[in-house]
Every structure is written in structure tokens, then in C-alpha cells.
Amino acid sequence: MAKLNITQVKSRIGATAIQKKNLDALGLHKINQTVQHNDNPIILGMVAKVKHLVKVEEVK
């Protein structure tokens, strides 16, 4: 199973409450913080909701 590196690149200020909860659920709290998650539909759905705030890279 592939892994994803997810990095928060923009501030959560001005984001909706649902977007903030998605960032919290992903484990992102600060700008330039990176977390690693498995590539599954749940994670991809959360990333899709905050795609303008994060950068996603696939790790082999």
C-alpha cells in the first residue's frame, strides 16, 4: 500500500470549521508540518476537502 506525505502549506485562518476539523484529523496543526498516512479513500476524501491548504506527495 502506498504512503502519502501530506504537508500543510497555507494557514487555517479563514478556513471553515469542517476544514479545520479535517486538518486536525489528518494531524496537521502548523504550517510546513508534514504527516504520513496510508493511501486509502478516507484519507483521500479528507485531503480533497482541504486541497487548497495542503501539498500531497506519494511515497513508494
Side-chain angles (χ1 to χ4, degrees):
M1 178 174 265
K3 296 256 185 193
L4 298 174
N5 276 344
I6 305 166
T7 305
Q8 183 177 346
V9 294
K10 292 184 79 177
S11 174
R12 64 174 51 215
I13 296 173
T16 65
I18 293 172
Q19 290 169 344
K20 290 177 184 178
K21 288 179 184 178
N22 276 327
L23 288 172
D24 289 339
L26 288 168
L28 296 170
H29 303 289
K30 298 178 182 177
I31 295 176
N32 292 326
Q33 182 180 5
T34 301
V35 293
Q36 193 172 62
H37 288 287
N38 289 326
D39 184 11
N40 63 43
I42 295 170
I43 298 298
L44 293 176
M46 287 193 282
V47 168
K49 293 286 187 177
V50 293
K51 64 183 175 223
H52 59 289
L53 301 175
V54 298
K55 178 179 72 170
V56 180
E57 299 169 334
E58 187 173 347
V59 178
K60 298 284 179 173

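Owing to the predicted nature of the structure, the values given are computational and were not obtained by experimental measurement.
- Applying the side-chain contact (heavy atoms from CB on, under 4.5 Å) rule to K3 yields the partners Q36, N38, V59; only residues at least two apart in sequence or on another chain are considered.
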Identify all side-chain donor-acceptor contacts of residues 43-58 below 3.5 Å with residues at least two apart in sequence or on another chain.
none

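- Listed for the H37 side chain is no donor-acceptor partner under 3.5 Å among the backbone atoms of I6.
- Shortest non-hydrogen contact noted between T7 and T34 is OG1-OG1, 2.9 Å.
- Listed here is the closest heavy atom pair of H29 and Q33: N-OE1, 2.7 Å.
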Residues 8-19, side-chain donor-acceptor partners within the protein, below 3.5 Å, at least two apart:
{"residue": "Q8", "atom": "NE2", "partner": "K10", "partner atom": "O", "Å": "3.0"}
{"residue": "S11", "atom": "OG", "partner": "I13", "partner atom": "N", "Å": "3.0"}
{"residue": "R12", "atom": "NH1", "partner": "D24", "partner atom": "OD1", "Å": "3.2"}
{"residue": "R12", "atom": "NH2", "partner": "D24", "partner atom": "OD1", "Å": "3.0"}
{"residue": "R12", "atom": "NH2", "partner": "L28", "partner atom": "O", "Å": "2.8"}
{"residue": "T16", "atom": "OG1", "partner": "Q19", "partner atom": "N", "Å": "3.3"}
{"residue": "Q19", "atom": "OE1", "partner": "T16", "partner atom": "N", "Å": "3.1"}

